[in-house]
Amino acid sequence: MASPSDLNTSNSFMHQFLQESSYPEELKQSIISLPREEGWLYPHMYNYKGFWLDSEFLHGALRCQKHFQAQHSDIIVCTLPKCGTTWLKALVFALTTRKQFPVSQQTHPLLTTSPQDLIPNLEFSYARQNSPPDFLAVNNGLMRLMSTHLPLSLLPKSVGESKCKLIYLCRNQKDTVVSFWHFVNKMRAELRGLGEMPFPEAFEKYCRGASPYGPFWDHLLGYWKESLENPRKVLFLKYEEIKEEPEVHLRRMAAFLECPFSEEEEECGVVGGILRLCSFESLSNLEVNKTGKGSYFGNSNNLFFRNGKVGDWRNHLTDEMATRLDQIVEQKFKGTGFKF
Ligand code: PAP
C-alpha cells in the first residue's frame, strides 16, 4: 500500500498519477492499493496485474496503454531487461534500414548512436511525456521501431489489433540474473549514489518473481504462447541460439519482418556485415558506447556492454543457487513446450 510519504513526494509516481485527472477514480484507487516492495534501482516497485513494475515505468505503461496507437508497419522489440536488448535493437535497426544505411557505410547510425537510443523504449518514453513521442522522427522518418520490457498482457490494446510485429528475445535465466545484478549495481552507484545490492538478496527476489517486469517465467510464457498461436505476429528468439547460429536467426528475423535477403545481398555478404557491425566486440569498442551517455537515464552507455558471454553464471551462482533456478524453470515451464 502507498504510504502518505509516497503521496507527498512531489516527484513520486503516486503523486504524478493522482494528479493526472484523466484516469478514472476506480483505477486511481486500485493503483493506490497495489502490493508494493523495495525496487532494485527505484525506491518502489508495484505489482500490477501480476507483474512487478518500477513506479516510473508503471506510470509509463499506463500512459502508453492510454495513448499509444500502434500502426500496421510498427516493429516492437520485446525483452525482459538484460536478455540482450541492446544486441537485438542493433540487429533490427541494421536489418530494417539496410537499404538506406548500407552496413559498410562509414556514416552508419550505429557507429555514432547507441542502439538504445536508435530504438526508444515505449514505457520509458511515456513515463516522462504525456504526448506520444514521435517514433518516426527518431528513425529518420523511415519506420517506427520501438522497444518494450512490458509483458504481452500489458501492451496497449492497439498492438494486438494492428498488424504490427513483435520480436521477443529471451535468455537463460541464470545469466540474466547475473547480468541484471551487475547492471543494477552500476546504475545504483551512478544514478542514485547507492551501494551494492547483495547478490543473495537479488537472487532471492528474482526467484520469487520480484524483479523488474517479473516474474520472468510469466513474462516469457506470455510471448511464447502467442508466438505459437500467432507466428506472424510474434517471433520468439533465444540469446544463446543467436550466439550459436547468428546467420540462421538473422535470416529468420528478415523473413519474419518481410524483408528477406535477396540473392544479391547474400552473395555480397550483407548477412555477415550486419552481424559484424552488431557484434559485442564491434559495438562495445565504439566511442559512443565507450564514453557516451544514454538519452533516457543519462547513464554511461558502456553499462550495456559487460562481456556478452553465455555461461558467466558459473562465476557467480553456487551449485545450490543454480539447482534452485533450474527447478523453478522446470516447474514453471512444464507442459508448455518451452525449454531453455
Ligand atoms: P537492457 O535490457 O537493460 O536494455 P541488455 O542489452 O539486455 O539491457 O543487457 C546487456 C547485456 O547484453 C549484457 O550482458 P552481460 O551482462 O551478460 O555481459 C551485455 O554484455 C549484452 N550485450 C550487449 N550488447 C551485446 C551484443 N552486441 N552481443 C551480445 N551481447 C550483448
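These values consider heavy atoms only, across backbone and side chains, with no hydrogens, waters or symmetry-generated copies. Everything quoted here is computed from the prediction, not taken from an experiment. As the structure lists them, so they are numbered: ligands from 1, and atoms in each ligand from 1.
A salt bridge links Arg208 and Glu37; the closest N-O separation between the charged side-chain nitrogens and carboxylate oxygens is under 4.0 Å.
Only the backbone of Cys278 comes within 4.0 Å of ligand 1, counting heavy atoms alone; no side-chain atom from C-beta on gets that close. When heavy-atom distances to ligand 1 are checked against a 4.0 Å cut-off, Ser284 has no atom that comes that close, whether in backbone or side chain.
At most 12 non-hydrogen atoms from other residues, nucleotides or ligands lie less than 6.0 angstrom from CD of Glu38.
In this structure, the protein non-hydrogen atom closest to atom 6 (O) of ligand 1 is Thr86 OG1, 2.5 Å. Protein heavy atom at the shortest distance from atom 3 (O) of ligand 1 is Lys82 NZ, 2.8 Å. Scanning all protein heavy atoms for the shortest distance to atom 29 (C) of ligand 1 gives Tyr239 OH, 3.3 Å. In this structure, atom 2 (O) of ligand 1 lies nearest to the protein heavy atom Thr85 OG1, 2.5 Å. Counting only heavy atoms of the protein, atom 23 (C) of ligand 1 lies nearest to Phe304 O, 3.1 Å.
Of the listed options Trp181, Phe280, Phe124, Trp313, Phe280 places a heavy atom closest to atom 31 (C) of ligand 1. One option in Ser179, Ser147, Pro81, Pro212 has a heavy atom closer to atom 11 (C) of ligand 1 than any other, and that option is Ser179. Selection from Lys309, Gln116, Arg171, His149 by nearest heavy atom to atom 17 (O) of ligand 1 gives Arg171. Summarising the contacts of atom 12 (O) of ligand 1 with Pro246, Pro115, Gly84, the nearest heavy atom is found in Gly84.
Residue-ligand proximity: Asn307 is placed with a non-hydrogen atom under 4.0 Å from ligand 1.
With no hydrogens or angles considered, no side-chain donor-acceptor pair links Asn172 and Asp175 at under 3.5 Å.
Figure legend: Arg306 and Phe280 shown without cation-pi pairing, the cationic atom not lying both under 6.0 angstrom from the six-membered ring centre and within 45 degrees of its axis. A cation-pi arrangement, defined by a distance under 6.0 Å to the six-membered ring centre and an angle within 45 degrees of its axis, is present between Lys82 and Phe183.
Close approach of ligand 1 to Phe305 is summarised as follows: ligand atoms under 4.0 Å from at least one heavy atom of the residue are 20 (O), 23 (C), 24 (N). Those atoms of ligand 1 that come under 4.0 Å of a heavy atom in Ser279, given as number and element, are 27 (N).
The distance criterion of under 3.5 Å between nitrogen or oxygen atoms is met by Cys83 with respect to ligand 1.
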Check step by step if side chain to side chain donor-acceptor pair (under 3.5 Å) holds for Tyr206 and Glu201.
CA-CA 9 Å; Tyr206 191 73; Glu201 186 185 326; over 6 Å; no
Under the criterion side chain to side chain donor-acceptor pair (under 3.5 Å), I'd like the reasoning laid out for Glu123 against Thr148: C-alpha separation, chi angles, the key distance, then a yes or no.
CA-CA 7 Å; Glu123 67 275 13; Thr148 186; 2.7 Å; yes
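Within the structure, every pair that satisfies the ring pair (Phe, Tyr, Trp, His ring centres under 6.0 Å) test and touches residues 237-277, not counting sequence neighbours, is listed here: Trp87-Tyr239.
Below 30°, between 30° and 60°, or above 60°: for Phe338 and Phe340 the angle between ring planes is above 60°, a perpendicular geometry.
Residues Cys164 and Lys233 form a side-chain contact, since some pair of their non-hydrogen atoms from C-beta on lies under 4.5 Å apart.
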